[in-house]
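Step one of this worksheet: look at the structure below.
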Amino acid sequence: MKSAESYQFANLSHREDLLNDLRSLESRMKTELGHEVALIAYAQGEQEDKQGK
């Protein structure tokens, strides 16, 4: 099992499409569950943005 130190926030700063998907799913979950839900994207280890975006 990986420790918490093995993960970092995923860099989605150049992926507005993915951020919009997360926001949309958070909104849907709020509607269906009846309370706020925060989705957090993590990346395993130290990963570079391989697509250069």
Side-chain angles (χ1 to χ4, degrees):
M1 187 165 122
K2 296 282 185 181
S3 68
E5 294 86 31
S6 298
Y7 294 87
Q8 61 183 345
F9 287 112
N11 181 1
L12 301 177
S13 60
H14 294 93
R15 295 299 309 265
E16 194 64 33
D17 60 325
L18 296 178
L19 290 171
N20 286 334
D21 288 345
L22 286 172
R23 291 182 192 115
S24 176
L25 184 53
E26 286 176 336
S27 178
R28 179 177 157 213
M29 292 175 80
K30 178 181 178 183
T31 299
E32 293 187 20
L33 298 173
H35 56 82
E36 295 281 340
V37 173
L39 299 176
I40 303 170
Y42 286 101
Q44 187 174 351
E46 296 181 26
Q47 297 181 353
E48 296 291 323
D49 184 354
K50 292 181 172 73
Q51 294 181 337
K53 291 184 178 181

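All values reported here derive from a predicted model rather than from experimental measurement. Numbering of residues begins at 1 and proceeds along the displayed sequence.
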- Message: List the residues meeting side chain to side chain contact (heavy atoms under 4.5 Å, CB included) with D17, not counting sequence neighbours, and say none if there are none.
- Response: R15
- Separation between CG (N20) and CG (L25), nearest 0.5 Å, reads 12.5 Å
Residues 29-41 side chain polar contacts: donor-acceptor under 3.5 Å, at least two apart:
residue	atom	partner	partner atom	Å
K30	NZ	E36	OE2	2.9
T31	OG1	S27	O	3.1
E32	OE2	R28	NE	3.0

- Rounded to the nearest 0.5 Å, how far does CG of L18 lie from CZ of R23? 10.5 Å
- Task: Classify the ring geometry between Y42 and F9 as parallel (under 30°), tilted (30 to 60°) or perpendicular (over 60°).
- Result: parallel
